Amino acid sequence: MGVRRSSIVFATAFSAAALWAAGPGASLARAQPAGGVCQLQGVANISPPLTGTSQSFAYNFTGMLGTGAMGSCQSNVAGAPTMGTVSAGIQLQETVTLTNTRPGVCTNGFCDDRITACTSSSQCPPVVTTIQGPVLYQEPIPQGSGSCGSSTTAGMALVVWNDGKNTVIDYTTTGALAAVQLQGTVIASMTLTLVASSVPAGYTAPPTYVINTDESAFPVGEQSLALLTFSPTTPDQNCETVGVSAANINGVVGVGRAP
């Protein structure tokens with residue numbers, strides 16, 4: 001789903017973020033539009049590392065919402081969550097149905113089910129066993145193009161809130177030196193793909209796993225804006241002799257809708 005770049009939505013989301021950035025004492029009770037803002041703190045891992053030369057790259061990200069110096073997330077939506085985790089491009093462990101299928105065996109004139117009569121194992125139905133077990137699924141991996149000086153990226157992020165609900169955001173970013181601006185839209189779901197090596201020997205698992213947006217405070221179609229800063233996690237990553245492979249991402253994220 002493409003990002004809608006409505007100037008009205010952008011301006012109102014920016015206003016909400018600016019209000020929260022004014023300090024923990026600020027209140028969204030009278031702010032418009034309906035929505036919420038959170039401080040974001042996290043780390044992005046970039047491959048290949050960013051350098052002074054423009055190139056294509058991929059990355060993953062993990063972070064926390066509502067746990068920094070600004071305190072819990074604020075919202076003028078009743079019952080909205082106050083903190084959460086956010087990820088993009090990582091592998092998640094999920095518990096699913098694992099299936100083992102083996103050929104049937106004829107023993108003493110009967111198949112494994114002890115009902116089907118047989119004279120050879122070829123006459124027996126397969127034996128199917130299912131269990132519930134954990135395997136890994138890969139989130140869509142964000143892609144980008146650019147350098148340490150400027151870049152653009154696109155991806156999908158998953159927010160898991162402290163009330164156990166989820167929000168999926170389809171987003172784009174534009175970066176210029178240390179500043180990163182993100183615009184996005186809340187979408188219905190994220191489809192993850194199975195990491196085959198995580199499946200126990202002899203079993204199969206569903207090839208995909210779908211996580212749906214189910215946080216009612218931030219429904220499908222709402223807009224997101226983030227004003228972020230980008231800084232290497234270690235001082236040796238100077239973009240020229242050592243590329244930036246890991247970066248701290250910090251800032252303010254707003255999610256909301258126009259009145």
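This is a predicted model, so every value here is computed, not measured.
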Practice prompt. Could you tell me the separation between the CD atom of Gln55 and the OG atom of Ser151, rounded to the nearest 0.5 Å?
Written response: 11.0 Å
Item to complete: Decide whether Leu98 and Val195 are clustered together by the hydrophobic rule: side chain heavy atoms of Ile, Leu, Val, Met, Phe, Trp, Tyr closer than 4.5 Å, transitively.
Response: no
Worksheet item: In Å and rounded to the nearest 0.5 Å, what is the CD to CG distance from Gln183 to Asp170?
Response: 12.0 Å
Practice prompt. Mind checking the CD1-OG spacing from Ile249 to Ser231? Nearest 0.5 Å is all I need.
Written response: 7.0 Å
Worksheet entry | Shortest non-hydrogen contact between Ala80 and Phe218, atoms and distance | CB-CZ, 4.3 Å
Practice prompt. Name all residues meeting the side chain to side chain donor-acceptor pair (under 3.5 Å) criterion together with Tyr59; count only those two or more places apart in sequence or in a different chain, and write none if there are none.
Written response: Thr153, Tyr171
Discussion item. Using side chain to side chain contact (heavy atoms under 4.5 Å, CB included), reason through Gln223 and Val255 one step at a time and then give a plain yes or no.
Written reply: CA-CA 6 Å; Gln223 304 293 289; Val255 181; over 6 Å; no
Worksheet item: If every non-hydrogen atom of Met156 is compared with every non-hydrogen atom of Ser189, which pair is closest and at what distance?
Response: SD-O, 4.4 Å
Response to the item:
Interatomic distance, OG@Ser198 vs CD@Gln91, rounded to 0.5 Å, equals 7.5 Å
Item to complete: Taking all non-hydrogen atoms of both residues into account, name the closest pair between Trp161 and Met83 and its distance.
Response: CE3-O, 3.4 Å
Discussion item. Using a 3.5 Å distance criterion without hydrogens, assess whether the side chain of Ser224 forms a donor-acceptor pair with backbone atoms of Gly254.
Written reply: yes
Discussion item. Cys124 vs Cys118, test: disulfide (SG to SG under 2.5 Å). Steps then yes/no.
Written reply: CA-CA 7 Å; Cys124 295; Cys118 60; 3.8 Å; no
Response to the item:
Closest non-hydrogen contact found for Gly184 with Leu182 is N-CD2, 4.2 Å
Worksheet item: So, Thr229 side chain and Ala178 main chain: donor-acceptor pair closer than 3.5 Å or not?
Response: no
Response to the item:
For Asn212 and Val210, the nearest pair of non-hydrogen atoms, with its separation, is OD1-CG1, 3.6 Å
Fill in: Heavy-atom side-chain contact between Val43 and Thr233 under 4.5 Å
yes
Practice prompt. To the nearest 0.5 angstrom, please state how far the CD atom of Gln41 sits from the CG atom of Asn248.
Written response: 9.5 Å
Worksheet item: Is a donor on one side and an acceptor on the other found under 3.5 Å between the side chain of Asp112 and the backbone of Val105?
Response: yes
Worksheet entry | With sequence neighbours excluded, residues passing side chain to side chain contact (heavy atoms under 4.5 Å, CB included) with Thr119 | Gln123
Practice prompt. Using the rule that two of Ile, Leu, Val, Met, Phe, Trp, Tyr join whenever any of their side-chain heavy atoms come within less than 4.5 Å, decide whether Met64 and Val252 are in one cluster.
Written response: no
Discussion item. Any side-chain to backbone donor/acceptor pair from Thr51 onto Gly243? Under 3.5 Å, distance only.
Written reply: no
Worksheet item: For the hydrophobic clusters of this structure (ILVMFWY residues joined by side-chain heavy atoms under 4.5 Å, transitively), does one cluster hold both Leu194 and Ile141?
Response: no
Discussion item. Looking at Cys239 and Cys148, are the sulfur gammas closer than 2.5 Å to each other?
Written reply: yes
Discussion item. I need the Ile46 CD1 to Gln237 CD distance, nearest 0.5 Å.
Written reply: 8.0 Å
Item to complete: Could you please spell out the steps behind the side chain to side chain contact (heavy atoms under 4.5 Å, CB included) verdict for Phe230 and Val244?
Response: CA-CA 10 Å; Phe230 170 101; Val244 178; 3.9 Å; yes
Discussion item. Let's go through Val159 and Asn166 carefully: what are the C-alpha distance in whole Å and the side-chain angles of both, what is the deciding distance for side chain to side chain contact (heavy atoms under 4.5 Å, CB included) to 0.1 Å, and is it a yes or a no?
Written reply: CA-CA 6 Å; Val159 181; Asn166 304 306; over 6 Å; no
Worksheet item: Side chains of Gln143 and Ser56: do they bring a donor and an acceptor to under 3.5 Å?
Response: no
Worksheet item: Val135 and Ile90: same hydrophobic cluster, using ILVMFWY side-chain contacts below 4.5 Å?
Response: yes
Practice prompt. Would you sort out whether Leu40 and Val86 count as a side chain to side chain contact (heavy atoms under 4.5 Å, CB included), showing the intermediate values?
Written response: CA-CA 9 Å; Leu40 170 67; Val86 58; 3.5 Å; yes
Practice prompt. Indicate, with yes or no, whether the SG-to-SG separation of Cys106 and Cys111 is under 2.5 Å.
Written response: no
Fill in: Leu192 reachable from Val199 in the ILVMFWY side-chain graph, under 4.5 Å edges
yes
Item to complete: Kindly indicate, with the supporting measurements, whether the criterion side chain to side chain donor-acceptor pair (under 3.5 Å) is fulfilled by Ser87 and Glu139.
Response: CA-CA 9 Å; Ser87 64; Glu139 294 179 337; 2.7 Å; yes
Worksheet item: Is it the case that Asn45 and Ser245 place a side-chain donor and acceptor less than 3.5 Å from each other?
Response: no
Practice prompt. Report yes if the side chains of Leu158 and Leu92 come closer than 4.5 Å at any heavy-atom pair, otherwise no.
Written response: yes
Practice prompt. List the steps and the verdict of side chain to side chain donor-acceptor pair (under 3.5 Å) for Thr173 and Gln181.
Written response: CA-CA 6 Å; Thr173 70; Gln181 175 185 297; over 6 Å; no
Item to complete: Please name the pair of heavy atoms, one in Ser145 and one in Phe57, separated by the smallest distance, quoted to 0.1 Å.
Response: N-CE2, 3.4 Å
Practice prompt. Please examine the side chains of Ser147 and Leu50, heavy atoms only from C-beta on, and report whether any two atoms are closer than 4.5 Å.
Written response: no
